[in-house]
**Q** 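The structure's right below; bear with me while I get my questions together.
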2 protein chains.
Amino acid sequence: MSDKDMRQRIKEVAVEYFNNSGYHGTTIRNIAKDVECSLPMIYYYYKSKEELFDEIIRKDYFDLLKRQAALLRRTDGIIDFYTKFVYDLNFLSDYDKRVYRLGIKVYLSFDGDEGLMKIMDDWEKTILPRHHQILKPYLKNAGNDIAIVRTLVHLLETLIQSIVVKNRFLPEAEIREEISIVLREG
Amino acid sequence: MSDKDMRQRIKEVAVEYFNNSGYHGTTIRNIAKDVECSLPMIYYYYKSKEELFDEIIRKDYFDLLKRQAALLRRTDGIIDFYTKFVYDLNFLSDYDKRVYRLGIKVYLSFDGDEGLMKIMDDWEKTILPRHHQILKPYLKNAGNDIAIVRTLVHLLETLIQSIVVKNRFLPEAEIREEISIVLREG
DNA sequence: ATACAATGCTAACGAACGTTAGGTAGAGGA
DNA sequence: TCCTCTACCTAACGTTCGTTAGCATTGTAT
């Protein structure tokens, strides 16, 4: 049938279900049916439903976050750069988008447990400093540097949610306009 | 005990559970236990679990949205006005905050069904025009009026989520700073 | 050939779920 | 007094859940 690893197939189907129906709304039986395998097959590769969910967040979601954060290195021109950063999210694979969406769901405490929330909080603390570092050379404003960084990060959050959570395509021009408004010289 | 009390108590407890555990993670048994009533009592007042969830969104959440939208009438000074609008969300009752949070969860398709999504989409279409109307007198910029409205609405979305979804207190100064950055004259 | 781990299955377990059948207790009008 | 209606209950229904016991098949190393 498929040369793709059964373990991965299970995870892909699970991501779809967790996304659409939440942790409690997802059943091992549904996953098994879509994967076209038996029930205990799931337990052969994953200890439990919770471990399956956990691995998706701890491994796949945070790998994705780190991959995205690693893109925040080069700087062509700050507005071009952030525009591209957001715009490229439109072209993430369906799987990555779903993992991203599921991660945001956990980040907002809409799913998952307290253990996952902890690592989400730890990650969140790194966001503002990272963007502050990138923006520092471009900011020579009065004393509201930090506020601009915060506003940009807030804006990015909504733009990312539009693409990844609401599953909309965001045109480059719209992204550029909004980022320009926050980063224009006051 | 009056019937209205019991009906309302059931709904309040239900809002808490739907918020914390999602629709599928919430059980009628848990609700009944917290309300300190029997299982069929829930069915005496609500036809089913789904009807209970539906009423919270269709009635309580949209009443809250309309109440909030009605505040968007007077305009003291546009920055003061939007700052107050957001800042006051800090002081919503716990119940209103939870209803708001649950509504956003449904709005982001993280819970609820397709029927609820429809009315969410309809509401969303009214947001940009409403704010455009309010901001029109204050916008004399080149041709990016619409982009500014869009950016402001996006920023408001994140600020509201911080307060209502992440349950954080947002200081007035921070709100004002961010709104000022978007609405300052470019 | 034989042994054995890896990979798959059928069938079932007990627990928990949403929901309902069928009642009781008490207040109020005739 | 009897009747009716509202507000509440205990106990159970059938279903589905996460999980597991136990067995079959296969590939590979000895």
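Chain naming here is simple, since letters A, B, ... match the order of the sequence lines and numbering starts at 1 in each.
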**Q** Kindly give the heavy-atom pair with the smallest separation between B/Gly103 and B/Met120, and that separation in Å.
**A**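 Shortest heavy-atom contact: O-CE, 3.6 Å.
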**Q** Is the NZ or CZ atom of A/Arg130 both under 6.0 Å from the centre of the six-membered ring of A/Trp123 and within 45° of that ring's axis?
**A**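 Judged by the rule, A/Arg130 and A/Trp123 form a cation-pi pair.
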**Q** Can you tell me how far P of C/dT7 sits from CZ of A/Arg9, to the nearest Å?
**A**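 About 14 Å, once rounded to whole Å.
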**Q** Quick one: B/Ile42 CD1 to C/dT20 C1', roughly how many Å, whole number?
**A**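 Nearest whole value for this atom pair: 14 Å.
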**Q** Under 6.0 Å from the CD1 atom of A/Ile146, do we count more than 12 heavy atoms belonging to anything else shown?
**A**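 No, not enclosed.
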**Q** Nearest whole angstrom, please: distance from the P of C/dT7 to the CD1 of A/Ile10.
**A**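 It works out to 12 Å between those atoms.
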**Q** Report the C-alpha separation of A/Lys59 and A/Asp54 in whole Å, then their side-chain angles, then the decisive distance to 0.1 Å, and conclude whether the salt bridge (charged side-chain N to carboxylate O under 4.0 Å, His left out) test is met.
**A** CA-CA 8 Å; A/Lys59 208 161 143 278; A/Asp54 252 48; over 6 Å; no
**Q** Nearest whole Å is fine: how far is C/dC9 C1' from A/Tyr45 OH?
**A**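 Going from OH in A/Tyr45 over to C1' in C/dC9 covers 13 Å.
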**Q** So what does B/Tyr46 touch, heavy atoms closer than 4.0 Å: a base, only the sugar-phosphate, or nothing?
**A**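 Here B/Tyr46 touches no strand at all.
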**Q** Would you say B/Glu124 has more than 12 foreign heavy atoms packed within less than 6.0 Å of its CD?
**A**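 Buried by this count: over 12 neighbours within 6.0 Å.
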**Q** When every nucleotide of nucleotides 17-22 of chain D is labelled 5' to 3' by its protein contacts under 4.0 Å (heavy atoms), B for base, S for sugar-phosphate only, - for none, what sequence of letters results?
**A** BBBBB-
**Q** Could you state the atom-to-atom distance from CG of B/Asp5 to C1' of D/dT6 in whole Å?
**A**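 One finds 15 Å between C1' of D/dT6 and CG of B/Asp5, rounded.
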**Q** Expressed in angstrom and rounded to an integer, what is the separation of B/Tyr44 atom OH from C/dT19 atom P?
**A**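 My rounded result for the distance is 18 Å.
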**Q** Distance check needed: C/dT7 C1' versus A/Gln8 CD, whole Å only.
**A**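 Those two atoms, CD and C1', are 18 Å apart.
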**Q** Write down the distance between OH (B/Tyr17) and P (C/dC17), rounded to a whole number of angstrom.
**A**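 Interatomic distance, OH of B/Tyr17 to P of C/dC17: 10 Å.
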**Q** Using distance alone, with no hydrogens and no angle criterion, decide if A/Lys49 and A/Tyr23 have a side-chain donor and acceptor under 3.5 Å apart.
**A**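 Note: A/Lys49 and A/Tyr23 side chains miss the donor-acceptor criterion.
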